2 protein chains.
Amino acid sequence: MKQGVNMDKHELLIRTAFKLFYTRGIHAVGVNLVLAESGVAKKTLYHHFPSKEHLVEATVRYRDRCYRDWLISRLEQVPAGKDALLELFNALDDWFHDRVPDIDHFHGCFFVNASAEFGDQKSAIHRACAEHKACVTALIRKHVNRLSLSEKKADEITQLIILLKEGAISLAYVQGNLNAAKEAQKIVEGTLGD
Amino acid sequence: MKQGVNMDKHELLIRTAFKLFYTRGIHAVGVNLVLAESGVAKKTLYHHFPSKEHLVEATVRYRDRCYRDWLISRLEQVPAGKDALLELFNALDDWFHDRVPDIDHFHGCFFVNASAEFGDQKSAIHRACAEHKACVTALIRKHVNRLSLSEKKADEITQLIILLKEGAISLAYVQGNLNAAKEAQKIVEGTLGD
DNA sequence: CACAGAATAGACAGATCTGTCTACTTATGT
DNA sequence: ACATAAGTAGACAGATCTGTCTATTCTGTG
């Protein structure tokens, strides 16, 4: 069934679509461009996805997998606890400065961008974006738990980190302030220091 | 020249376009919808704006004015210094919960959304968004200066507040976490407390 | 081999979108 | 009163976009 040597057209379409949606915007990219770029026939696209919106949703889920796998692996490369939490911001810094080829040239948060274009909170796309954010929060929370703080303190640190992370991504993208991750890191360092 | 009693068509177009762009996305809204909603003729639109992109840019600048004026007035309503900085997050909380009719039903940060749709950092639209963020940072910095801290400490507090503000807006929108502003406020309160 | 599923190329329908244009109708200031 | 500017309604051209469809080819498995 699932062949091996040639890349799965399903996966190829998602990857190509993601790259285009991420760099140029979703509504600004037509399916014909995705097809031309991937070299896949239109019939094949509509064989795998019932509509463009379903393809968009698939790209969101694809990005969720890639991005979260990348984060998880980065946080595992350093000692658990405080180091791992600070490493999050090293990872963001690398991303902002395009030192992470797997994650594509920095263009803001794809989930924020997609939510902006699919504003209806009930839409499958917006919900998939919300799920991603919840998963990342859970990931951070897991690492915060290793610090063995009180429940309340752990909640606060988690929220601080998540808010700073989101803020850094927004500012790095809109303002072009590529140091945002390092600035956020300094704040977390100061808070965890005591 | 500039008439008074009837609303300026120029302004009417911008206001109508903003509301539609903000709630539905920019590329998802055609000029015909803006015209139908505002009751203005197409010729009139293209008399005032050479293209849709110019109209978009005008809505960004319009939003910058409204949003910043609103923020400025909110921060002036409380004693200068620490209170004003905390009031920023009360204002955000009101915005998230749609208690600020002037600012329109909460739909994330228009500048982040517009930047996502016009990704080219050199485009006039993206640059206008960056300018807005710089102005807001300057506004916060002005209030932080009243705390008479060291230059370094003032920079740090300003960055903390700006990062938390951006993060709160993102999370409130994408995740639907409407408490984000209050959570951010608690962090700032803790930091300013000592 | 034969057959079924997957893929191709691209024409096509129908909708929509930007921007232009014509012909006509107010306003306004001198 | 008259010229000038601003506005209206809507047809139109030309591009583009989503999704369908036909006719054909490739590929893996029984």
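Here is the naming used below: chain letters follow the sequence lines, and residue numbers restart at 1 for every chain. It should be emphasised that the depicted structure is a prediction, and the values quoted were computed from it without experimental measurement.
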Engineer: The side chain of A/Y46 is closest to which nucleotide in this list: D/dC17, C/dT18, D/dT20?
Structural biologist: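 The listed nucleotide nearest to A/Y46's side chain is D/dT20.
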Engineer: Whole-Å distance between D/dG7 P and B/E11 CD?
Structural biologist: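 Distance check: B/E11 CD to D/dG7 P gives 13 Å.
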Engineer: Taking the inter-plane angle between the rings of A/H105 and A/H107 on a 0 to 90° scale, is it parallel (under 30°), tilted (30 to 60°) or perpendicular (over 60°)?
Structural biologist: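 Aromatic pair A/H105/A/H107 classed tilted.
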Engineer: Any link between B/L12 and B/L35 through a network of hydrophobic side chains (Ile, Leu, Val, Met, Phe, Trp, Tyr) touching at under 4.5 Å?
Structural biologist: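 B/L12 clusters together with B/L35.
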Engineer: Are the side chains of B/K52 and B/V34 in contact, using a 4.5 Å heavy-atom criterion?
Structural biologist: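 Sidechains of B/K52 and B/V34: no contact.
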Engineer: Identify which one of A/Y173, A/F18, A/Y67, A/Y62 satisfies the ring-ring contact (aromatic ring centres under 6.0 Å, His included) criterion when paired with A/F110.
Structural biologist: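 So the option named by the test is A/F18.
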Engineer: Is a side-chain donor or acceptor of A/R99 paired with a backbone partner of A/A91 at a separation under 3.5 angstrom?
Structural biologist: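 No; zero donor-acceptor contacts below 3.5 Å.
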Engineer: Measuring from atom SG of A/C135 to atom CD1 of A/I72, what distance do you get when rounded to the nearest 0.5 angstrom?
Structural biologist: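 Here the interatomic distance stands at 9.0 Å.
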Engineer: I want to confirm an ordering. Mapping A/P50 and B/H48 to their closest nucleotides on DNA chain D, which one lands closer to the 5' end?
Structural biologist: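 Per heavy-atom nearest nucleotide, the more 5' residue is B/H48.
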Engineer: Could you state the NZ-P distance from B/K9 to C/dT28, rounded to the nearest angstrom?
Structural biologist: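 After rounding, the reported distance stands at 12 Å.
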Engineer: By nearest atom, which of the nucleotides D/dG19, C/dT18, D/dT8 is closest to the A/K52 side chain?
Structural biologist: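 Per side-chain heavy atoms of A/K52, the pick is D/dG19.
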Engineer: What is the distance from CG of B/N32 to C1' of D/dT8, rounded to the nearest Å?
Structural biologist: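 Whole-Å distance recorded here is 15 Å.
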Engineer: Mind listing the residues from residues 13-29 of chain A sitting with a heavy atom below 4.0 Å of DNA chain C? Number order is fine.
Structural biologist: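 Those residues whose heavy atoms fall under 4.0 Å from DNA chain C, taken from residues 13-29 of chain A, amount to none.
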Engineer: Using side-chain heavy atoms (C-beta onward) and a distance below 4.5 Å, is A/V100 in contact with A/W70?
Structural biologist: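 A/V100 vs A/W70: side chains touch.
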Engineer: Restricting to ring pair (Phe, Tyr, Trp, His ring centres under 6.0 Å), what partner residues turn up for B/F49, sequence neighbours left out?
Structural biologist: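 B/F49: ring pair (Phe, Tyr, Trp, His ring centres under 6.0 Å) contacts with B/H10.
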Engineer: Under 4.0 Å, heavy atom to any atom of DNA chain C: which of residues 35-45 of chain B qualify?
Structural biologist: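 Residues of residues 35-45 of chain B that come under 4.0 Å of DNA chain C are, in numerical order, B/K42, B/K43.
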Engineer: Between atom CG in A/L12 and atom C1' in C/dT8, what is the gap in whole Å?
Structural biologist: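 The answer, rounded to whole Å, is 14 Å.
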Engineer: Atom NE2 of B/H47 and atom P of D/dA5: how far apart are they, to the nearest Å?
Structural biologist: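 Roughly 10 Å, once rounded to whole Å.
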Engineer: Flag the pair B/R61 and B/E57 as a salt bridge only when some basic side-chain nitrogen lies within less than 4.0 angstrom of an acidic carboxylate oxygen.
Structural biologist: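 Result for this pair is yes, salt bridge flagged.
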Engineer: Looking only at the side chain of B/V31 (C-beta and beyond, no hydrogens), which of the listed nucleotides D/dG7, C/dT18, C/dA7 gets closest?
Structural biologist: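 For B/V31, the side-chain atoms sit closest to C/dT18.
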Engineer: In this structure, how many angstroms lie between the P atom of D/dA15 and the CG atom of A/L33, rounded?
Structural biologist: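 About 18 Å, once rounded to whole Å.
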